[in-house]
Structure formats: structure tokens, C-alpha cells
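Report on one structure; see the data block that follows.
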Amino acid sequence: MKFSVADRKTLPDGTTRVMLDVPKEELIYIGNILESFEGLCNYTTPNKNEPFLQVDVTNDYLIDFNKLIKALLDWNYEEV
């Protein structure tokens, strides 16, 4: 998919916040995929005019989230 990890930081409560730089045309796909993994993370678009998706992940799901993001970065759905 066409997105990148723009920033990653740990919040005071231990949650990892990942900022994804996502083109508008990819946002619906990433949102639907994250939504299908209910409970894995919380996500929002903090500023509707900027191409960023803010994703918060607890430590319990961070390994699985990282695997998912890696798989999505490697996946070219247009070739399927």
C-alpha cells in the first residue's frame, strides 16, 4: 500500500502513537483494515486537511500491529 510511518512515540501511559502519512485515496482502505482488527488500536485523522492518520496502540497489541503495518507496506493490492 502507499503510505509511510511518519512518526512513532511512546505516550506517558505506555501507549505507542504512530503517525501514518496516508494519501487520501488510500485512507479508506487502511481505515477499513484497521477497523476489521477490532480492539487492536484506536485511530483518527487529527486534522482533516493533512494526510496523517494517528494510531494509538497499547503494548499488548504492539507486536501484532507492527506485523500488520509491515504486511500492508509490502502489499501491492493493485497487482492482485
Checklist entry - Under 4.5 Å between any side-chain heavy atoms of Ile30 and Ile33, yes or no? => result no

Checklist entry - What do the steps show when you test Thr15 against Asp13 for side chain to side chain donor-acceptor pair (under 3.5 Å), and what is the final call? => result CA-CA 6 Å; Thr15 299; Asp13 67 356; 3.0 Å; yes

Checklist outcome for this item: Scanning both residues in full, the closest heavy-atom pair of Leu68 with Leu40 reads CD2-CD2, 3.8 Å

Checklist outcome for this item: OG1 of Thr44 to CG of Leu53, rounded to nearest 0.5 Å, is 7.5 Å

Checklist entry - Can you list the steps and then say if Thr16 with Arg8 is a side chain to side chain contact (heavy atoms under 4.5 Å, CB included)? => result CA-CA 7 Å; Thr16 298; Arg8 182 184 289 255; 3.9 Å; yes

Checklist entry - Can you tell me if CZ on Phe52 sees more than 12 non-hydrogen neighbours from other groups inside 6.0 Å? => result yes

Checklist outcome for this item: Of Val22, Asp21, Leu20, Thr45, the one forming a side-chain contact (heavy atoms from CB on, under 4.5 Å) with Pro51 is Asp21

Item to check | Gly31 backbone acceptor or donor facing Tyr43 side chain under 3.5 Å | outcome: yes

Checklist entry - Should Ile69 and Val55 count as side-chain neighbours, where that means a heavy-atom distance under 4.5 Å? => result no

Item to check | side-chain contact (heavy atoms from CB on, under 4.5 Å) partner of Cys41, the single match among Val18, Leu34, Asp56 | outcome: Leu34

Checklist entry - Above 12 or not: heavy atoms from other molecules or residues under 6.0 Å from CD of Glu38? => result no

Item to check | From CE (Met19) to CD (Gln54), nearest 0.5 Å | outcome: 5.0 Å

Item to check | Note, Leu11 side chain near Lys9 side chain (heavy atom, < 4.5 Å) | outcome: yes

Next on the checklist: Under the side-chain contact (heavy atoms from CB on, under 4.5 Å) test against Lys70, which residue among Asn66, Asp74, Leu72 passes?
Outcome noted: Asp74

Item to check | Nearest atoms (heavy-atom pairs only) where Pro23 meets Phe3 | outcome: CD-CA, 4.3 Å

